[in-house]
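Below is one structure; the comments refer to it alone.
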2 protein chains.
Amino acid sequence: MSKHRQQILTSLKQAGYKLTKPRRAVIDILTKKQHPLTAADIHRYLPSIDLASIYRALDVLTKLNIAQVEQVNNSSYYYLDSTLHHHIICEQCGYKQCLPCKHTFNINNFVNIKHQLTLTGICQSCAIKLNQQQ
Amino acid sequence: MSKHRQQILTSLKQAGYKLTKPRRAVIDILTKKQHPLTAADIHRYLPSIDLASIYRALDVLTKLNIAQVEQVNNSSYYYLDSTLHHHIICEQCGYKQCLPCKHTFNINNFVNIKHQLTLTGICQSCAIKLNQQQ
DNA sequence: TATTAACTGCAAATCATTTGCAATTATAAC
DNA sequence: GTTATAATTGCAAATGATTTGCAGTTAATA
């Protein structure tokens, strides 16, 4: 369940940021698509917005904890998510699947623990293709 | 507990790879240092070996599951570890603590699943300092 | 020791991300 | 509404990590 658009815009404003076209557009795409996207992915959906501005918008959203980041294969994937969950990404085709998060961590000597679980694998259809190639 | 040097060299050989100077050197550094290193880190220890060769050696080691990778801040950190484990990093001071990994994941529709768990938090001594400041 | 495919070093290419700067724009005050 | 102003944008160039092509070198095997 991702935060409502309006709620996000309000958080931005409260934090002293202007509600600009690139920021709104990035929020809208992340709200609409239900899976993690790279800055380049977002730029493909929003070709009229400069890639640098997309990066800057994503930076702001991440700093405010409105968006989360996951790093896979030297790329950062961003997504909006108030209730924690994880994703598994196919190494071959980039297909993404959501997974509920049931984890809590209690670790000696640490407080305020946050976790990021990155799962990668090969999805069924890629596995089939790869088998056929051999 | 990391695989013994000799054992690693044998695995390489068995997999049909030559035992070259760059490969040996990378294995030695990863064995010696007890924490995750970037290719650039390794190159700093081994300036006479070309960075590209370090990347190629790390690739081989990762493919053979001799080394593992973790991505943090757009850099890949490599380490040798036969028994999987994770790390928790203090957000304040960077202190790292190792954690055993007891996880296996079975996910519908995916095979060859690898996971990377990144934990961050505040370590005890930083938590104390932060409390005193307030 | 000779042969040969695998491997290296180098330089250049690529890809993701960041930055400097002049022009634009959202906001708040009038 | 207009105006003033600092924040933000788009663009182009810079940076940093990683990859690649290629000619020369080397480990392994006979």
Side-chain angles (χ1 to χ4, degrees), chain A residues 6 8-30 36-64 66-79 89 91 94 118 120, chain B residues 6 8-30 36-64 66-79 116:
Chain A
Q6 193 48 58
I8 294 173
L9 295 180
T10 309
S11 313
L12 266 190
K13 197 144 198 193
Q14 281 179 344
Y17 292 100
K18 290 185 180 175
L19 301 187
T20 62
K21 189 176 140 193
R23 285 177 186 156
R24 286 166 191 278
V26 167
I27 292 166
D28 288 351
I29 281 294
L30 286 176
L37 299 172
T38 62
D41 291 338
I42 297 174
H43 189 238
R44 238 166 275 126
Y45 292 121
L46 304 171
S48 69
I49 291 172
D50 194 79
L51 187 54
S53 304
I54 292 175
Y55 274 106
R56 286 187 276 227
L58 290 170
D59 252 27
V60 170
L61 294 175
T62 322
K63 274 202 192 94
L64 296 179
I66 292 169
Q68 344 295 138
V69 209
E70 249 179 65
Q71 303 199 331
V72 182
N73 276 337
N74 306 320
S75 293
S76 299
Y77 286 80
Y78 296 84
Y79 55 99
I89 302 186
E91 283 173 359
T118 303
T120 54
Chain B
Q6 193 49 56
I8 294 173
L9 296 179
T10 309
S11 311
L12 266 190
K13 198 145 199 192
Q14 280 180 343
Y17 292 99
K18 289 186 181 174
L19 301 186
T20 64
K21 190 177 140 192
R23 286 178 185 154
R24 287 166 189 278
V26 167
I27 292 166
D28 287 351
I29 280 294
L30 286 176
L37 299 172
T38 63
D41 291 337
I42 296 174
H43 189 237
R44 236 166 277 125
Y45 292 120
L46 304 171
S48 68
I49 291 173
D50 194 79
L51 187 53
S53 304
I54 291 175
Y55 273 107
R56 287 186 277 228
L58 290 170
D59 252 27
V60 170
L61 294 175
T62 322
K63 274 201 193 94
L64 296 179
I66 292 169
Q68 342 296 137
V69 209
E70 247 180 65
Q71 304 199 330
V72 181
N73 278 337
N74 306 321
S75 293
S76 298
Y77 285 81
Y78 296 84
Y79 56 98
Q116 179 204 317

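Naming convention: chains lettered A, B, ... in sequence-line order (proteins, then strands); numbering from 1 in each chain. In this text the structure is predicted, and so the values were computed from the model without any measurement.
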TODO: Please state how far atom NE2 in H43(B) lies from atom P in dA17(D), giving the value in whole angstrom units.
DONE: 13 Å
Task: Nearest-Å distance for atom pair CG/P, residues L12(B) and dC7(C) - done: 10 Å
Open item on the list: Let me confirm one number: the CZ-CG distance from R24(B) to D28(B), rounded to the nearest 0.5 Å.
Closed with: 8.5 Å
Open item on the list: Base contacts versus sugar-phosphate-only contacts with protein, heavy atoms under 4.0 Å: please encode nucleotides 21-30 of chain C as B, S and - from 5' to 3'.
Closed with: ----BBS---
TODO: Note down the inter-axis angle between the two ends of the helix from dT1(C)-dA30(D) to dC30(C)-dG1(D), five pairs each, to the nearest 10°.
DONE: 40°
- [ ] Applying side chain to side chain contact (heavy atoms under 4.5 Å, CB included), run through E70(B) and Y78(B) and close with a yes or a no.
- [x] CA-CA 7 Å; E70(B) 247 180 65; Y78(B) 296 84; over 6 Å; no
- [ ] May I have the distance from L61(B) (atom CG) to dC7(C) (atom P), rounded to whole angstrom?
- [x] 12 Å
Open item on the list: Tell me the interatomic distance from L58(B), atom CG, to dT18(D), atom P, rounded to whole angstroms.
Closed with: 9 Å
TODO: Test L58(A) against V69(A) for side chain to side chain contact (heavy atoms under 4.5 Å, CB included), laying out the working first.
DONE: CA-CA 9 Å; L58(A) 290 170; V69(A) 209; over 6 Å; no
- [ ] Summarise how protein sits on nucleotides 11-16 of chain C as a single string, 5' to 3': B when a protein heavy atom is under 4.0 Å from the base, S for sugar-phosphate-only contact, - for no contact.
- [x] -----S
Open item on the list: On a heavy-atom basis, which atom in I66(A) and which in Q68(A) lie closest, and how many Å separate them?
Closed with: O-OE1, 3.8 Å
- [ ] Take atom CG of L37(B) and atom C1' of dA17(D), then tell me their distance rounded to the nearest Å.
- [x] 16 Å
Open item on the list: Can you tell me how far apart OH (Y17(A)) and NZ (K63(A)) are? Round to the nearest 0.5 Å.
Closed with: 6.0 Å
Task: Value rounded to 0.5 Å, distance of CD1 in I42(B) from CD1 in I27(B) - done: 10.5 Å
Open item on the list: D59(B): which residues meet the side chain to side chain donor-acceptor pair (under 3.5 Å) condition with it, sequence neighbours left out?
Closed with: none
- [ ] Taking all non-hydrogen atoms of both residues into account, name the closest pair between Q71(A) and N74(B) and its distance.
- [x] OE1-N, 3.0 Å
Listed pairs under 3.5 Å, donor-acceptor, residues 46-55 of chain B side chains, sequence neighbours left out:
from   : atom 1 : to     : atom 2 : distance (Å)
D50(B) : OD2    : A52(B) : N      : 2.9

Task: For R44(B), all residues meeting side chain to side chain donor-acceptor pair (under 3.5 Å), sequence neighbours excluded - done: D41(B)
TODO: Considering non-hydrogen atoms only, spot the tightest contact between L19(A) and L9(A) and give its length.
DONE: CD2-O, 3.6 Å
Open item on the list: Measure CG/L51(A) against P/dT15(D) and give the value in whole Å, please.
Closed with: 18 Å
TODO: Please check the phosphate of dT9(D) (OP1 and OP2 only) for any side-chain N or O of S53(A) closer than 4.0 Å.
DONE: no
Task: Between C1' of dA17(D) and CZ of R44(B), the distance in whole Å - done: 12 Å
Open item on the list: Without decimals, in angstroms, what is the distance between D41(B) CG and dG16(D) P?
Closed with: 15 Å
